[in-house]
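Below is one structure; the comments refer to it alone.
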Amino acid sequence: GDKKDHMHHASDVFKIGEEHQAQLEITDSLLSEFETLSGDHNPMHVDSAYAQSFGFPRHIAFGNILGLIISQLVGVKLPVENVIIISQKVKYILPFFQGDWVFLKGIVTDVSDSVSVITLRLSFKNQNSAIIATGECIIKML
């Protein structure tokens, strides 16, 4: 068939071991917009003195911001656009902060043509190459 027919197989698009990347700067405006949109005003995220009393250098960024980077990876950084997220999970290892950059690498670990499902192993690092979170995202090609 033509190329369009050929692209129906996930294995034609995704190869095990290939990497896809996305990144996001943790700016003041991102943090304040996230606070507004989420309604999360926990002092751990907005009050540096409070966070310091628990041993952090300053207020910590919202962990769920990492979901924004997953959206960027899946929505615009993959070689196809006809994908949806089936599930995702994130394990937080180190806090991240305003002024940090977060770099996400998604490595394809499984491709199932029968159901057009692709599994990505996620690794989030900061600008110092420290791993701040790991996870998994399962997507489906439509």
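Worth knowing before you read on, the calculation uses all heavy atoms, side chains too, and leaves out hydrogens, waters and symmetry mates. These numbers come from a predicted model, not from an experiment.
Hydrophobic clustering, with ILVMFWY side chains joined whenever heavy atoms are under 4.5 angstrom apart, groups Ile16 together with Leu73.
Taking CD from Gln21 and NZ from Lys105, the interatomic distance works out to 6.5 Å, rounded to the nearest 0.5 Å. From Leu31, atom CG reaches atom CD1 of Ile65 across 4.5 Å, with rounding to the nearest 0.5 Å. Here the CD1-NZ distance, from Ile131 to Lys125, works out to 5.0 Å after rounding to the nearest 0.5 Å. Atom CG of residue Asn64 and atom CG of residue Asp40 lie 8.5 Å apart, to the nearest 0.5 angstrom. Between the CG atom of Asp12 and the CE atom of Met141 there is a distance of 8.0 Å, given to the nearest 0.5 Å. For the atom pair Ile118 CD1 and Phe14 CZ, the distance stands at 4.5 Å (nearest 0.5 Å).
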- [ ] Check the pair Ile85, Ile70 against side chain to side chain contact (heavy atoms under 4.5 Å, CB included), reporting the backbone distance first and the verdict last.
- [x] CA-CA 9 Å; Ile85 294 174; Ile70 298 173; 4.1 Å; yes
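Looking at Arg58, its side chain never comes within 3.5 Å of a backbone N or O of Asp47 through a donor-acceptor pair. Using a distance-only test at 3.5 Å, with no hydrogens or angles considered, no donor-acceptor pair links the side chain of Asp113 to the main chain of Ser116. Side chain of Gln72 to main chain of Gln23: a donor-acceptor pair is present (N/O by atom type, distance under 3.5 Å, no hydrogens or angles). Here the side chain of Gln127 pairs a donor or acceptor atom with the backbone of Trp101 at under 3.5 angstrom.
In this structure, the side chains of Ile26 and Phe96 come closer than 4.5 Å at one or more pairs of heavy atoms. Using a 4.5 Å cut-off on side-chain heavy atoms (C-beta onward), Glu136 and Lys89 make contact. Residues Val102 and Leu66 meet the side-chain proximity criterion, which asks for heavy atoms closer than 4.5 Å. A heavy-atom distance below 4.5 Å is found between the side chains of His41 and Glu35. Leu24 places a side-chain heavy atom less than 4.5 Å from the side chain of Leu30. No side-chain heavy atom of Ile93 sits less than 4.5 Å from a side-chain heavy atom of Ile132.
A pairwise comparison of heavy atoms in Ser11 and Val111 identifies N-CG1, 3.7 Å as the closest pair. The two atoms that bring Leu122 and Gly106 nearest to each other are CD2-CA, 4.2 Å, heavy atoms only. Residues Ala22 and Lys77 come closest through the heavy atom pair CB-CG, 4.1 Å. Annotation for Gln52 and Pro57: closest pair NE2-O, 2.8 Å, computed over non-hydrogen atoms. Ala133 approaches Val90 most closely through the heavy-atom pair CB-CG1, 3.9 Å.
Just one of Val74, Thr119, Val108 meets the side-chain contact (heavy atoms from CB on, under 4.5 Å) condition when paired with Ile139; it is Val74.
The other members of the hydrophobic cluster of Phe54, by chain and number, are Met44, Tyr50, Phe56, Ile60, Phe97 (side-chain heavy atoms under 4.5 Å, ILVMFWY only). Think of Val115 as one node in a network of Ile, Leu, Val, Met, Phe, Trp and Tyr side chains linked at under 4.5 Å; its network also takes in Ile84, Ile86, Val117, Ile138, Leu142.
With sequence neighbours excluded, no residue forms a ring-ring contact (aromatic ring centres under 6.0 Å, His included) with Tyr92. In this structure, the side chain to side chain donor-acceptor pair (under 3.5 Å) partners of Ser48, at least two apart in sequence or on a different chain, are His59. Residues satisfying the side chain to side chain donor-acceptor pair (under 3.5 Å) test with Ser112, not counting sequence neighbours, are Ser114. Judged as a ring-ring contact (aromatic ring centres under 6.0 Å, His included), and not counting sequence neighbours, the contacts of Phe62 are Phe34, His45.
Enclosure of atom NZ in Lys15 by more than 12 non-hydrogen atoms of other residues, nucleotides or ligands within 6.0 angstrom is indicated.
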